[in-house]
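In what follows, a single structure is set out as C-alpha cells and then discussed.
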Amino acid sequence: MPSSIPRFAAVSAVVAAALAAGLLAGSTSASAEDSAAGVRIHDIQGTTRVSPLVGTQVTGVTGIVTGVRTYGSRGFWIQDPQADANPATSEGLFVFTSSVPTVAVGDAVSLNGTVTEYVPGGLNSGNQSLTQLSKPVITVVSKGNALPAPVTISAWSVPDEYAPEGDPAAAGSINGLTLDPETYALDYYESLEGTNVRIGSSRVVGATDPYAELWVSVKPFENRNWRGGTVYGSYESQNTGRLQIQSLTPLAQQPFPKANVGDRLTGTTEGPLDFNQFGGYTLTARTPVTVEDRGLERESTAKQHKNELAVATYNVENLDPSDPQEKFDALAKAVVDNLAAPDILALEEIQDNNGAKNDGTVAADQTVKKFTDAIVAAGGPAYEWRSIDPQNNKDGGEPGGNIRQVFLFNPERVSFTDRAGGDAAAATAVTGEKGRAALTLSPGRIDPANTAWESSRKPLAGEFVFRGRTVFVIANHFGSKGGDESLVSHHQPPNRSSEAKRLLQAQAVNAFVKDIVALEKQADVLVVGDINDFEFSGTTKALTDGGALYPAVKSLPRSERYSYVYQGNSQVLDQILTSPGVHHFAYDSVHINAEFADQDSDHDPQVLRFRP
C-alpha cells in the first residue's frame, strides 16, 4: 500500500440515522431486518443520489469486477453487463471490503451484503454520499470474463449546466431529486457512479499533487486560457468538464506521472467512476495514466521603469527556518528573476523562528533574515523589512506557526516612514498632517480588537515614500475557505459559510481606506495580499464599496484572472486593489507556482507597477 495516498478513510458509514434526521433528505431508510433477494445493481442505485434500498440486506447481486483498490478505502467495483433502459440508474457499484479484496478484474461474482451510503468527509461536510455494498459475502462464479463496455465521457456527453437547484423543502439538498443526466453535469456523473468509464486525450487543468492526483477537462474549450487551464469566472460557471484522475495501481508498482496545467492526458484512460472527499467524481484508472509534456514555462514580469513603483504580494506558504535552504533559494530566485525585484513586497505566511513548534515563540526575525539573505545571494537587493509579531496562536494558521504579513522594501528605491508604538494589540488610525493623510502607527495593525479578526491575520498597514510621494500599503491575509462545502455538495448552491468572516474583514479594511481618502482624495493606497476570495465575490464587493478601491486583477482579460488552481479551476485568491488616486498602472499575475506539479508555494504572486 503506497504511503503517498493517506487521505482515503478506510471506513464505511451506514447513514440510516442520518436519513431519519433529514441529513440525506429525499429518501427513506429500510430497517436493518429488511432484506431483498435477486435485486440488480440498478435497483440498488435507483434514480436519486441515495439508494432506495439503503439499510437493506441484499442477496444474489451479480456483476463483473471492473476494478480493484488495494489501498485506502479497500474494495472493488462490479457492473451489471445487462443494463436497464433508464439513463438515470447506474449499472456500477462499489463493494467495500475493508481488507484487501481477493477478487480480480474480470471475475463474475454473486454477492450478499448491506446497502449503505458512505459520506466522504462525514455528514457535516455537505458532501454527496457514495452508494456501496458493505460487509459482503462474495462468491466468485467465473473468471476471465470480458468487461462491460466503458461509457465514454466526452465534451458532447457532459451537459453544460452544472447542477439543479436544491429542494427548498429539504434545506437546499438535491439528494431527493430524480436524476436528469441529460440536463445537469452532476446528475450525469452521478448516473455513472461506480460505472466503468473512459475518456480520450484531455487537457490537464490541475497539476499532479502530492497525493498522486491530477485534474483534466473533457471539454477542450471550456473557459480555457492560453496556458491551458480552465478559469473559474463566476459562481454559475463551475466548469462541467473537470474530472479528477487517480490510478488504481499502487505507486510502488507504477509511478503516477507528474503533469502541469496545459499538458495532455494521452490515449484512453479507463476505470470505474468513484466519488471521494477530495474532489468528488474521480476516474480511478485501471489502465496506465500517460501524459504528454506540453512545456509550460514559468512567467517573469517586466522590470519597473526608474519612475515606476513596483509593489508585489506573495504567499510563501508557511515559511520558517526549518524549511530546507532549497525552498528559501527558490523563493528568493523567484523574487529576483520572476518578479524583477519589486520595490515593495508584502509577504504572507511568514512563520515564527521555530515554525510549528508550539512553545510561545512569536518573533520571526530569523525567518525573514534567512529569506532576505537568500535574495541577496540570488543577486537581488538588500531588502529591509517591517512587521508586527502577533500574539501567540491568535492569528490562525498552523498551531504554533504564528503566521503574519511582512513588508520587504528596497531602501535604495523606497523609504519607510516609521511611527513607533505598533504592537499586536494597538490599532493604527488615520490622521492629518498639513492637510495630508498619515498613519498614527507605521507599521500598524488595522482594528485588531475587531471580532472579524478573531483567529485570523490582522491587516498590516505601512507608510512608504517613493520619489517624494507617500504611498500607503495594507498587507492582508483574510480568513480561509475552510468549512465551505465543495462544488459537488448535495446542497446546491453549496454553503459558503466562511464568507461571513471575510465580509466583515473586508468592511473593516474598506472603512480604513475611506478614512485615508476622506483626508486626502488623491492618496495612493494599495490593498494587497491573500484575500482568499474571488474577484466577483461579496468579499471583493465589500472591499470596493463606495468606490474606495478597484480590484486591479479586473484590468486583465477574464481568461488571465487567476492566482491559484483548485480542483482544476484556475481562480483568483490573491489580489491588489487600488484607491482612486492610483490612476494608471500595469498589473501582472505572475504564474510560477499554481499550475505546476513542482511548487515553491501554492499561490502565484501579484505585481502592480504605477507612477505615484
- Message: Could you go through Val109 and Ile78, starting from their C-alpha distance and side-chain angles, then the distance that decides it, and tell me whether this counts as side chain to side chain contact (heavy atoms under 4.5 Å, CB included)?
- Response: CA-CA 8 Å; Val109 296; Ile78 61 170; 3.7 Å; yes
- Message: One pair to check against side chain to side chain contact (heavy atoms under 4.5 Å, CB included): Asp107 and Phe76. What are the steps and the verdict?
- Response: CA-CA 11 Å; Asp107 286 356; Phe76 59 94; over 6 Å; no
Compare all side-chain heavy atoms of [X] with those of [Y] and state whether any distance is below 4.5 angstrom.
{"X": "Ile245", "Y": "Leu214", "value": "yes"}
{"X": "Val61", "Y": "Ser110", "value": "no"}
{"X": "Thr131", "Y": "Val54", "value": "no"}
{"X": "Leu248", "Y": "Pro272", "value": "yes"}
{"X": "Glu161", "Y": "Thr183", "value": "yes"}
{"X": "Ile403", "Y": "His477", "value": "yes"}
{"X": "Asn569", "Y": "Gln571", "value": "yes"}
{"X": "Val289", "Y": "Phe256", "value": "yes"}

Show the nearest heavy-atom pair for residues [X] and [Y], with the distance to one decimal.
{"X": "Thr266", "Y": "Val291", "result": "OG1-N, 4.1 Å"}
{"X": "Leu265", "Y": "Val216", "result": "CD2-CG1, 3.9 Å"}
{"X": "Val119", "Y": "Ser129", "result": "CG2-CB, 3.8 Å"}
{"X": "His603", "Y": "Asp574", "result": "ND1-OD1, 2.8 Å"}
{"X": "Thr268", "Y": "Thr287", "result": "O-OG1, 3.7 Å"}
{"X": "Gly483", "Y": "Ser497", "result": "O-OG, 3.5 Å"}

Any donor-acceptor pair under 3.5 Å linking the side chain of [X] with the backbone of [Y]?
{"X": "Asn225", "Y": "Gly229", "result": "yes"}
{"X": "Thr97", "Y": "Val100", "result": "no"}
{"X": "Lys219", "Y": "Val158", "result": "yes"}
{"X": "Thr540", "Y": "Phe534", "result": "yes"}
{"X": "Gln599", "Y": "Asn593", "result": "yes"}
{"X": "Asn223", "Y": "Ser559", "result": "no"}
{"X": "Arg198", "Y": "Thr152", "result": "no"}
{"X": "Asn239", "Y": "Val231", "result": "yes"}
{"X": "Ser601", "Y": "Asn315", "result": "yes"}
{"X": "Asp533", "Y": "Ser537", "result": "no"}

Looking at [Y] and [X], is any side-chain nitrogen of the basic one under 4.0 Å from a carboxylate oxygen of the acidic one?
{"X": "Lys258", "Y": "Asp293", "value": "no"}
{"X": "Arg496", "Y": "Glu485", "value": "no"}
{"X": "Arg203", "Y": "Asp263", "value": "no"}
{"X": "Asp395", "Y": "Arg457", "value": "no"}

- Task: Using the ring of Tyr564 (Phe, Tyr or Trp, six-membered ring only), decide whether Lys481 places NZ or CZ under 6.0 Å from its centre and within 45 degrees of its axis.
- Result: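 The answer is no, since Lys481 fails at least one limit relative to Tyr564.
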- Under the 6.0 Å and 45° cation-pi test, does Arg69 pair with Phe96? no
Say you draw a straight line from [atom1] of [X] to [atom2] of [Y]; how long is it, rounded to the nearest 0.5 Å?
{"X": "Ile174", "Y": "Glu190", "atom1": "CD1", "atom2": "CD", "value": "8.5 Å"}
{"X": "Glu91", "Y": "His42", "atom1": "CD", "atom2": "NE2", "value": "5.5 Å"}
{"X": "Asn86", "Y": "Ser90", "atom1": "CG", "atom2": "OG", "value": "11.0 Å"}
{"X": "Gln79", "Y": "Thr195", "atom1": "CD", "atom2": "OG1", "value": "5.0 Å"}
{"X": "Asn276", "Y": "Ser73", "atom1": "CG", "atom2": "OG", "value": "9.5 Å"}
{"X": "Gln45", "Y": "Arg40", "atom1": "CD", "atom2": "CZ", "value": "14.0 Å"}

If we ignore angles and hydrogens, is there a donor and acceptor under 3.5 Å between the side chains of [X] and [Y]?
{"X": "Thr240", "Y": "Glu222", "result": "yes"}
{"X": "Gln57", "Y": "Thr114", "result": "yes"}
{"X": "Arg502", "Y": "Ser498", "result": "yes"}
{"X": "Glu595", "Y": "Tyr562", "result": "yes"}
{"X": "Gln567", "Y": "Gln244", "result": "no"}

Crowded around [X] [atom1]? As in, over 12 foreign heavy atoms under 6.0 Å?
{"X": "Glu292", "atom1": "CD", "result": "yes"}
{"X": "Gln254", "atom1": "CD", "result": "yes"}
{"X": "Lys357", "atom1": "NZ", "result": "no"}
{"X": "Phe536", "atom1": "CZ", "result": "yes"}

- Check against side chain to side chain donor-acceptor pair (under 3.5 Å), Tyr188 and Ser157: CA-CA 8 Å; Tyr188 172 76; Ser157 68; 2.8 Å; yes
- Starting from the C-alpha separation in whole Å, work towards a yes-or-no answer on side chain to side chain contact (heavy atoms under 4.5 Å, CB included) for Ile44 and Leu93. CA-CA 9 Å; Ile44 294 172; Leu93 183 67; 4.0 Å; yes
- Decide if the gap between the ring center of Tyr211 and the ring center of Phe278 is smaller than 6.0 angstrom.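 No, too far apart.
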- Message: For Phe596 together with His591, are the ring centres under 6.0 Å from each other?
- Response: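 So the answer is no for these two rings.
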- Item | Candidate pair Arg286 and Asn196, rule side chain to side chain donor-acceptor pair (under 3.5 Å), full reasoning | CA-CA 10 Å; Arg286 186 181 61 250; Asn196 187 36; 3.1 Å; yes
- Stepwise side chain to side chain contact (heavy atoms under 4.5 Å, CB included) test for Val488 and Tyr189: CA-CA 10 Å; Val488 293; Tyr189 291 125; over 6 Å; no
- Item | Residue pair Ser480, Asn532: steps toward the side chain to side chain donor-acceptor pair (under 3.5 Å) verdict | CA-CA 6 Å; Ser480 77; Asn532 259 322; 5.5 Å; no
- Message: Which residue in the set Tyr118, Tyr281, Phe94 passes ring pair (Phe, Tyr, Trp, His ring centres under 6.0 Å) when paired with Phe275?
- Response: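 Going through Tyr118, Tyr281, Phe94 one by one, the ring pair (Phe, Tyr, Trp, His ring centres under 6.0 Å) with Phe275 is satisfied by Tyr281 alone.
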